[in-house]
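Right, one structure below, let's go through it.
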Amino acid sequence: MPQLDFSSWPPQLIWLAISFVALYFLMARVALPRIANVLEQRRDRIASDLDEAARLKGESEDAIASYEAALAEARGKAHAIAAETRVKLNAALEAERAEVDKKIAARTAKAEARIAEVRTSAIGEIDAAAADTAAEIVKALIGGKPAKAEIAAAVKAARGA
Amino acid sequence: MATEHGGGHGSEGGLGIDPMHQFEIQRLIKLDLFGVDASFTNSSLWMIIGVALITALTVWGMSGRALVPGRLQSVAELAYEFVANMVRENVGSAGQRYFPFIFTLFMFVLASNMLGMVPYSFTVTSHIVVTFALATVVFLGVTVIGFAKHGAGFLKFFVPSGVPVALLPLLVVIEVISYLTRPVSLSVRLFANMMAGHTMLKVFAGFVIGLGVIGGWAPLAFMVAFTGLELLVAFLQAYVFAILTCIYLNDALHMHH
């Protein structure tokens with residue numbers, strides 16, 4: 001068993017010491033700080049990236065909120081303008097309608113007056129014509145001329161009947 | 001024992017392959033340090049290769065320092081996070097000081113185990129002296145940390161609470177023995193796993209050769225499956241070594257039993 005060849009122990013121990021100590025210093029002084037540094041940088045970078053992402057998210061949320069507010073405001077303004085316009089238009093319409101109504105009423109009154117005038121004159125003419133006709137009929141039937149007042153009274157009575 | 005194998009393809013008959021040959025230490029460059037043999041061996045070579053590969057992965061692989069890692073950087077970061085989580089979960093924040101040591105230990109054992117799976121390579125951790133040295137460093141370090149942090153109060157670690165006084169002497173002895181056997185169990189577990197696995201692979205490889213084209217397929221199929229298992233064991237033993245170190249460290253730092 002070569003492991004129990006004691007003459008091989010000193011060179012093995014000496015070179016184990018040399019290589020292990022060399023490796024220890026290489027690791028402790030060079031390699032491990034470098035790896036730790038890289039890992040820490042990565043951790044920092046990830047943390048800062050997450051912070052940045054959170055910040056940007058907050059900003060976009062603010063932007064959305066202000067956009068929503070502007071939108072609501074604009075909508076309110078539009079409503080107000082619409083309502084105002086409606087009121088104005090209604091008032092104008094009412095005024096115009098009232099004016100037109102007044103005109104129509106005036107015209108109607110005028111027309112009615114004329115109708116009444118025409119009617120009274122027509123009735124007068126009818127009465128006269130009826131009286132004349134009645135006088136002629138009486139003359140033809142019985143001869144003679146009846147009194148004008150009598151005939152007028154008779155016409156009036158007939159018309160009233 | 002060390003002299004009886006004359007080479008992998010010896011002429012001792014049978015299958016002609018010595019499964020222990022792969023564990024032999026070969027001195028590539030003979031060196032002498034104040035009378036002590038400090039030769040550069042095949043073991044040293046594979047230790048250096050392991051150190052070079054780990055350094056390449058963690059230093060060169062991270063040289064991009066990319067925010068979105070590439071393949072090598074991902075592996076390096078994965079290894080870092082893996083060991084960091086292990087230390088955090090088993091030792092807590094007090095263990096952060098010892099993180100570089102645990103990381104080095106884990107990566108060194110893992111690289112040694114994995115490189116051992118490369119054909120014609122040498123498995124550094126298949127030698128008890130290497131694993132025992134690592135375990136001893138862990139054991140002594142943890143003991144020193146325990147005494148430095150709690151002073152003589154660390155001795156209370158060996159006295160279980162809520163036990164009848166009559167039983168205490170016995171239990172303290174058991175606790176001390178179990179504490180002292182920690183480096184043994186830690187080192188033997190790793191060394192035995194590595195040695196047994198590689199010996200097994202070699203023995204079955206010998207069967208493939210011995211049974212030839214006709215009968216060699218069965219051991220070959222077994223070897224393919226067993227190689228997969230050995231890769232798992234290579235990782236698992238590195239993990240076990242590191243996590244037990246974490247647990248021992250936690251005992252020394254926090255002393256809760």
Side-chain angles (χ1 to χ4, degrees), chain A residues 1-70, chain B residues 1-3 5 20-27 31 33 36-41 43-45 47-48 50-52 54-55 57-59 61-69 73 76-77 79-81 83-84 99-101 103-105 107-108 111 124 126-130 133-134 137 191 195:
Chain A
M1 202 170 166
Q3 281 88 345
L4 297 179
D5 173 11
F6 299 115
S7 72
S8 78
W9 286 21
Q12 286 196 75
L13 287 173
I14 287 167
W15 283 96
L16 174 66
I18 291 170
S19 51
F20 193 84
V21 169
L23 185 65
Y24 178 80
F25 278 103
L26 279 168
M27 293 299 109
R29 295 280 153 83
V30 186
L32 296 178
R34 185 179 289 189
I35 298 175
N37 192 19
V38 168
L39 291 177
E40 196 170 328
Q41 261 177 6
R42 183 172 310 144
R43 211 168 294 133
D44 287 355
R45 176 69 188 273
I46 288 170
S48 74
D49 279 4
L50 284 178
D51 287 354
E52 177 77 3
R55 194 180 63 74
L56 289 175
K57 193 181 168 212
E59 255 173 36
S60 69
E61 269 166 5
D62 287 354
I64 288 172
S66 64
Y67 166 78
E68 295 276 355
Chain B
M1 203 180 216
T3 50
H5 38 69
M20 300 312 270
H21 170 71
Q22 59 179 321
F23 302 120
E24 251 175 68
I25 298 289
Q26 278 140 17
R27 287 169 178 75
L31 288 173
L33 198 72
V36 181
D37 182 13
S39 300
F40 189 81
T41 63
S43 173
S44 321
L45 176 67
M47 284 177 191
I48 300 295
V51 169
I54 298 164
T55 309
L57 174 67
T58 53
V59 176
M62 290 300 293
S63 58
R65 292 184 170 88
L67 200 63
V68 179
Q73 194 181 327
E77 286 176 11
Y80 181 97
E81 298 272 20
V83 180
F99 168 65
F101 176 76
F103 185 82
T104 308
L105 194 64
M107 292 306 275
F108 186 81
V124 172
S126 68
H127 272 255
I128 182 75
V129 64
V130 171
L134 291 174
V137 169
F191 141 76
M195 192 192 71

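Each chain gets a letter, A, B and so on, in the order the sequences are listed, and its residues count up from 1. Treat the numbers as computed from the prediction; the structure is a model and nothing was measured.
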### Message
Heavy-atom pairs under 4.5 Å with chain A - which of B:Q73, B:R27, B:M107 has more of them than the others?
### Response
B:R27
### Task
For chain A, find which of B:M195, B:E81, B:E77 contributes the most heavy-atom pairs closer than 4.5 angstrom.
B:E77
### Message
Counting only non-hydrogen atoms closer than 4.5 Å, can you tell me which residues of residues 20-31 of chain A sit against chain B?
### Response
A:F20, A:L23, A:Y24, A:L26, A:M27, A:A28, A:V30, A:A31
### Query
For chain B, which residues of residues 42-55 of chain A have at least one non-hydrogen atom nearer than 4.5 Å to it?
A:R42, A:R45
### Query
Which bit of A:A36 comes within less than 4.5 Å of chain B, counting heavy atoms only: side chain, backbone, both or neither?
both
### Query
Checking A:L39 against chain B: side chain, backbone, both or neither under 4.5 Å from a heavy atom?
side chain
Which region of [X], side chain (C-beta onward) or backbone (N, CA, C, O), has a non-hydrogen atom less than 4.5 Å from a non-hydrogen atom of chain A, or is it both or neither?
X: B:Y80; answer: side chain
X: B:S44; answer: both
X: B:F23; answer: both
X: B:F191; answer: side chain
X: B:L105; answer: both
X: B:V36; answer: side chain

### Task
Heavy atoms only: give me the nearest A:L32-B:P100 pair and the separation to one decimal.
CD1-CA, 3.6 Å
### Contact summary for B:V124 and B:S43, nearest pair of heavy atoms
CG2-O, 3.7 Å
#### Entry: Sequence-distant partners of A:Q12, side-chain hydrogen bond (donor to acceptor under 3.5 Å, both in side chains), two or more places apart
A:S8, B:H127
Answer whether the closest heavy-atom distance between the side chains of [X] and [Y] falls below 4.5 Å.
X: A:L16; Y: B:F108; result: yes
X: B:D37; Y: A:W9; result: no
X: A:W15; Y: A:I18; result: yes

### Query
Among all residues two or more places apart in sequence or in another chain, which pass the side chain to side chain contact (heavy atoms under 4.5 Å, CB included) test with B:A111?
B:I54
### Query
Hey, what do you get for CD (B:E24) to CE (A:M1), rounding to the nearest 0.5 Å?
13.0 Å
### Interatomic spacing from OG in A:S19 to CD1 in A:I14 - rounded to 0.5 Å
11.5 Å
